[in-house]
Amino acid sequence: MTFLPSWVCVLVGSLSFSLAGDLNFLDLYPPLWKESPGQFSDYPVENGTYIINPWIFPERLGMYKILLNQTATYFEKFASGNEQNLLWGLALQHGWQYSSGRLADPSQRTDCGYESDHLCISVDSWWADLNYFLCVLPFLAAVDSGLLGISSDQVRLRPPPVDQKRFCYDVSGCLLSFPEIMNKWSDFYKYVHSPSSTFEDILEYLWVAHIFTLNNIFNTFDDRYVYYSKQEAKFEKNWVNAVEYIGAARIPTTFIRVHESQKGLPPRILSKMDTASGISDFTALQNTVLSGLSVLGTVSSFSLTAWKILMNTQDSRKLVLEVFDKIFTISN
């Protein structure tokens, strides 16, 4: 058990760091942030209903932007400027998926996501499909909770060109198909809205909803692995596993923290020639994180259970965060 926590510290340490120095927020936003919709009126309207195409990158990113704009007031009590909004993690992760080419058609049967159609999000992308449920369900749960200022029947999403039955497209449909996941996100928004909620309360409910969503959707898109190299498919599985460890430690998914931590993620899709820890065009940190993910992917479920028990108290999580911060500073 001593070997496992050391690797967990290296991995999750890349998601924690000293917040020293002045950073310009404008330089840290996800790609195309300024160009993406920031309010419902930026989307087209059909018969009184806002229509969003989540298979176009700026339109999906705009859903996160609306969430962040509309929940900003609830996070002001923790810090000004919306930097402490925990929904930044989802938006920035989606930006990394786009910039690293992971939203493009992995089968290469279409131009979706490539130079001639670079804003397209492919339904055949494993990353895009899992992200759909970490974007659409939190978004529609917020609509249903009344946080976004419109009624539940005033917004609808466009379906992908294929596999339409795998997804849901409006509040009523998502409540019918994924009621438990929607309820987890609704619980999160109740704590966001509550004036008595602490940052730790909100953080806990965010990670509960996030992990619950992944665990219920993860196996739905196993058929997408065939489009990737063995290395990338392994990374995808290892990433979901690692998120369980990160979530158990309740790493705060705030703006600067997440942006800086993503410097440790692979900047492109892995090829069959890539070997963890020895990829020449990756940084030392990126190779270290990839190796850590590989190690976590080989350990038993008992280790995750033990980690969750270890992270069961606030004092333990605080201590681990302090260790993680030091590790990240040293590794950098």
Side-chain angles (χ1 to χ4, degrees), residues 12 15-19 21-40 42 58-98 131 133-150 184-214 243 246-247 249-263 265 317 321 325:
V12 187
L15 290 151
S16 307
F17 63 99
S18 176
L19 298 179
D22 294 325
L23 294 172
N24 186 347
F25 274 28
L26 296 178
D27 297 332
L28 309 185
Y29 287 128
L32 302 176
W33 185 256
K34 291 181 181 179
E35 296 84 350
S36 298
Q39 53 193 359
F40 282 104
D42 293 332
E59 295 205 26
R60 189 184 293 195
L61 187 64
M63 295 161 66
Y64 287 130
K65 195 172 181 180
I66 290 173
L67 273 177
L68 283 156
N69 288 341
Q70 294 297 317
T71 58
T73 184
Y74 304 112
F75 286 92
E76 283 293 320
K77 62 184 178 182
F78 305 119
S80 61
N82 211 23
E83 194 279 331
Q84 291 290 295
N85 195 320
L86 296 173
L87 292 168
W88 275 117
L90 295 173
L92 289 164
Q93 178 76 176
H94 189 47
W96 164 76
Q97 292 166 353
Y98 173 78
N131 173 264
F133 293 93
L134 283 169
C135 175
V136 170
L137 298 189
F139 181 79
L140 293 179
V143 171
D144 193 44
S145 298
L147 286 181
L148 303 190
I150 64 171
K184 294 295 184 185
W185 285 106
S186 293
D187 289 343
F188 163 69
Y189 291 122
K190 289 176 184 176
Y191 274 82
V192 168
H193 186 263
S194 172
S196 62
S197 292
T198 66
F199 187 80
E200 184 71 15
D201 291 334
I202 299 173
L203 182 60
E204 176 183 1
Y205 277 85
L206 171 84
W207 276 115
V208 167
H210 191 136
I211 298 300
F212 190 82
T213 303
L214 278 182
V243 170
I246 296 167
R250 297 185 197 168
I251 300 300
T253 52
T254 50
F255 184 75
I256 297 175
R257 185 181 298 278
V258 173
H259 178 273
E260 292 297 298
S261 74
Q262 290 190 157
K263 293 178 180 178
L265 297 182
R317 294 189 298 273
L321 277 172
D325 288 346

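The structure displayed is predicted, hence computed values, not measured ones. Note: hydrogens, waters and symmetry copies are ignored here, and every other heavy atom, side chains too, is used.
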Rounded to the nearest 0.5 Å, what separates atom [atom1] in [X] from atom [atom2] in [Y]?
| X | Y | atom1 | atom2 | value |
| --- | --- | --- | --- | --- |
| Phe199 | Phe78 | CZ | CZ | 7.0 Å |
| Glu260 | Thr254 | CD | OG1 | 11.0 Å |
| Arg257 | Gln84 | CZ | CD | 8.0 Å |
| His193 | Tyr74 | NE2 | OH | 4.0 Å |

If you look at every heavy atom in [X] and [Y], which pair is closest and at what distance?
| X | Y | result |
| --- | --- | --- |
| Leu32 | Ser36 | O-OG, 2.7 Å |
| Arg60 | Cys135 | CG-SG, 3.5 Å |
| Arg317 | Glu200 | NH2-OE2, 2.7 Å |

I want to check something: taking the side chain as every heavy atom from C-beta on, are [X] and [Y] in contact at a cut-off of under 4.5 Å?
| X | Y | value |
| --- | --- | --- |
| Tyr64 | Pro138 | no |
| Leu67 | Phe139 | yes |
| Ile256 | His259 | no |
| Leu203 | Arg250 | yes |
| Val192 | Leu206 | no |

side-chain contact (heavy atoms from CB on, under 4.5 Å) evaluation trace for Gln70 with Leu148: CA-CA 6 Å; Gln70 294 297 317; Leu148 303 190; 3.5 Å; yes

Lys77 atom NZ, over 12 foreign heavy atoms within 6.0 Å: yes

Atom CZ of Phe40 with >12 non-hydrogen neighbours under 6.0 angstrom: yes

Using modelled atom types and a 3.5 Å cut-off, is there a donor and acceptor pairing between side-chain atoms of [X] and backbone atoms of [Y]?
| X | Y | result |
| --- | --- | --- |
| Trp207 | Ile251 | yes |
| Tyr98 | Pro58 | no |
| Ser194 | Tyr191 | no |
| Asn69 | Gln39 | no |
| Lys184 | Phe212 | no |

Using residues 85-96 as the side-chain source, report each donor-acceptor pair under 3.5 Å to any protein atom, sequence neighbours left out, with the distance given to one decimal.
{"residue": "Asn85", "atom": "OD1", "partner": "Leu87", "partner atom": "N", "Å": "3.0"}
{"residue": "Asn85", "atom": "ND2", "partner": "Thr71", "partner atom": "OG1", "Å": "2.9"}
{"residue": "Asn85", "atom": "ND2", "partner": "Asn82", "partner atom": "OD1", "Å": "3.1"}
{"residue": "Trp88", "atom": "NE1", "partner": "Asn82", "partner atom": "O", "Å": "2.9"}
{"residue": "Gln93", "atom": "OE1", "partner": "Trp239", "partner atom": "NE1", "Å": "3.3"}
{"residue": "Gln93", "atom": "NE2", "partner": "Gln262", "partner atom": "OE1", "Å": "3.0"}
{"residue": "His94", "atom": "ND1", "partner": "Gln97", "partner atom": "OE1", "Å": "3.2"}
{"residue": "His94", "atom": "ND1", "partner": "Asn131", "partner atom": "OD1", "Å": "3.2"}
{"residue": "Trp96", "atom": "NE1", "partner": "Pro266", "partner atom": "O", "Å": "3.0"}

Audit row: Asp187, Lys190, side-chain contact (heavy atoms from CB on, under 4.5 Å) steps and yes/no: CA-CA 5 Å; Asp187 289 343; Lys190 289 176 184 176; 3.9 Å; yes

Under the ring pair (Phe, Tyr, Trp, His ring centres under 6.0 Å) test, residues paired with Phe133 that sit two or more places apart: Phe167, Phe178

Any donor-acceptor N or O pair under 3.5 Å, side chains Ser145, Trp185: no

Aromatic ring proximity, centroids under 6.0 angstrom, Tyr29 and Phe255: yes

